[in-house]
Engineer: 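Right, I'll just put the structure down here and ask away after.
Everything numeric here is computed off the predicted structure, so don't read it as measured data. Every chain is numbered from 1, with letters handed out A, B, ... down the list of sequences.
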Number of protein chains: 2
Amino acid sequence: MATGRTHRPATRSRGIPEATVARLPLYLRALTALSERSVPTVSSEELAAAAGVNSAKLRKDFSYLGSYGTRGVGYDVEYLVYQISRELGLTQDWPVVIVGIGNLGAALANYGGFASRGFRVAALIDADPAMAGKPVAGIPVQHTDDLEKIISDNGVSIGVIATPAGAAQQVCDRLVAAGVTSILNFAPTVLSVPDGVDVRKVDLSIELQILAFHEQRKAGEESAEGGPLPAAASRGAAADDSADQGPDGDVPAVMPA
Amino acid sequence: MATGRTHRPATRSRGIPEATVARLPLYLRALTALSERSVPTVSSEELAAAAGVNSAKLRKDFSYLGSYGTRGVGYDVEYLVYQISRELGLTQDWPVVIVGIGNLGAALANYGGFASRGFRVAALIDADPAMAGKPVAGIPVQHTDDLEKIISDNGVSIGVIATPAGAAQQVCDRLVAAGVTSILNFAPTVLSVPDGVDVRKVDLSIELQILAFHEQRKAGEESAEGGPLPAAASRGAAADDSADQGPDGDVPAVMPA
DNA sequence: ATGTCTTTGTGAACGCGTGCACAAAGATGG
DNA sequence: CCATCTTTGTGCACGCGTTCACAAAGACAT
């Protein structure tokens, strides 16, 4: 639905590939650095190197935005910074709420980079009554009871979930019901949301496990290959050898597993 | 510029697709939850639903590991937990060092999930002399000067970088020189590493910016379309309207930009 | 103005990942 | 022992993303 092509034959169609969108912030960062060094223009080759991507890929990415380069010269840094910022929607202010002010939530709240990128921490929310009123990063923590009102009053459309896994879905449901349509989830859970709501997940544990996989591969598998198999259906095969004291989903959020 | 290729040249040894490897931790988490509820077997349909993926994809993923299912019945939960854990290398202990004990580093150190997944925080390292000896999460912070010795003594092969962007490459170089071959990078920088070293990046700012893009799209662009363009090469077009007090790369790490 | 040189923008080929659809395998019941 | 039913494992087709390679566009020098 609504995927109909616009009559406009303009090169700037609305179909920017997801993979390209994911790289735009990368380019923007590199361009911002160049801007601070007062570099007027960059070639696709230079910028690609700075962003760590292939130059052809970068040019193709930019081609989806339009023809902003000058052949023989390169791209105007300031102009491109503006275009990408606009495309990403960073020229406007995005109020954000962080739910779950544990270690990670506090770390996020303390991060100064929010404000400098169009994101503003509108509120910090936690379910612990003892946290209420206590300032974190200069912002007083508010109780979950007021979640709906906070969302509504501040016109929040982006929410960050940094709660334990057990609370994530419930918090998510309330955020969505209150009007949030984009969620950044740090809890180790698969969230179900209605159509029209975007969810992105940040999962440190998964990243570490992927690294472990490659690490194991690099170390060669002669030592652990063809190892003995546990009795097919015996108890607790292996893996989680220890620390089973609590359900896995009970952890704060940073390190889902 | 020795732009160390971070991409793997297709580790064709076992031939498990990268996309599959990235999903294995997801399956493992769902399986662990089932295991704790003493569920003996699951069908690909059920497990796929729990992991939030397509059942055909899940079956294909498992097919790369071998034929561990029983037709007409499903998969033995405990057995699969073991197989995936083994494949990911989680049956062995992985000593990990965290460099940069700021808000995020502390949050990571405090996370209890490390130990329960085969990962062990071997040391916390920070460049601030004032931090030295101060315990975080029960582990005394050590100074950067001892980095090499720490890596060596503990046989660390996985490092987590949670430093400001400005220090990341330098820390990375020292980690690699000391023997680390897998790095999880939280700093907003493109790290260059020699071949054979894996780098994975966690970048909250990018995630937020991607959400903002979709959010803007959802809101409809009738209000900001065809907007005025800034003088081609004028100063700071927009985007970074405020908070320029320091270079962007000066931020701790959680929120790269 | 003209030629040369640099760099963009993109057509086309290729490879990977995804999802469908179905045959084979095995459990279960009569 | 045979029929039926469930669920796996996978061949195949499709679409997206990546990369190559090159013609066109424009700057710059003469």
Engineer: Does A:R200 have any side-chain hydrogen bond (donor to acceptor under 3.5 Å, both in side chains) partners at least two apart in sequence or in another chain, and if so, which?
Structural biologist: B:E207
Engineer: Taking salt bridge (charged side-chain N to carboxylate O under 4.0 Å, His left out) as the cut-off, I'd like each qualifying pair that reaches into residues 17-26 of chain A, sequence neighbours left out, listed once.
Structural biologist: A:R23-A:D61
Engineer: Hey, are A:E78 and A:S35 close enough side-chain-wise for a donor-acceptor pair under 3.5 Å?
Structural biologist: yes
Engineer: Once each nucleotide of nucleotides 21-27 of chain C is scored for protein heavy atoms under 4.0 Å, what B/S/- sequence comes out, 5' to 3'?
Structural biologist: B--BB-S
Engineer: Round to the nearest Å and state the distance from B:K57 atom NZ to D:dA13 atom P.
Structural biologist: 21 Å
Engineer: Measure from the side-chain heavy atoms of A:S63 and tell me the nearest of C:dG9, D:dT18, D:dC20.
Structural biologist: C:dG9
Engineer: Please enumerate all residues that pass side-chain contact (heavy atoms from CB on, under 4.5 Å) together with B:P40, with sequence neighbours excluded.
Structural biologist: none
Engineer: Side chain of A:Y75: nearest nucleotide among C:dT18, D:dG17, C:dT8?
Structural biologist: C:dT8
Engineer: The criterion is side-chain contact (heavy atoms from CB on, under 4.5 Å); which residues satisfy it with A:V180, sequence neighbours excluded?
Structural biologist: A:I151, A:V156, A:L175, A:I183
Engineer: Could I get the full list of ring pair (Phe, Tyr, Trp, His ring centres under 6.0 Å) partners for B:F213, not counting sequence neighbours?
Structural biologist: none
Engineer: Using the side-chain contact (heavy atoms from CB on, under 4.5 Å) criterion, which residues pair with B:E45? Sequence neighbours excluded.
Structural biologist: B:S43, B:S55
Engineer: With the criterion being N/O to N/O and under 3.5 Å, what pairs connect the protein with nucleotides 12-14 of chain C, and how long is each?
Structural biologist:
unit_1, atom_1, unit_2, atom_2, d
C:dA12, N6, A:K60, NZ, 3.0

Engineer: With the side chain of A:S44 defined as its heavy atoms from C-beta on, choose the nearest nucleotide among C:dT8, C:dG19, D:dT18.
Structural biologist: C:dT8
Engineer: Who passes salt bridge (charged side-chain N to carboxylate O under 4.0 Å, His left out) against B:D93, sequence neighbours left out?
Structural biologist: B:R120
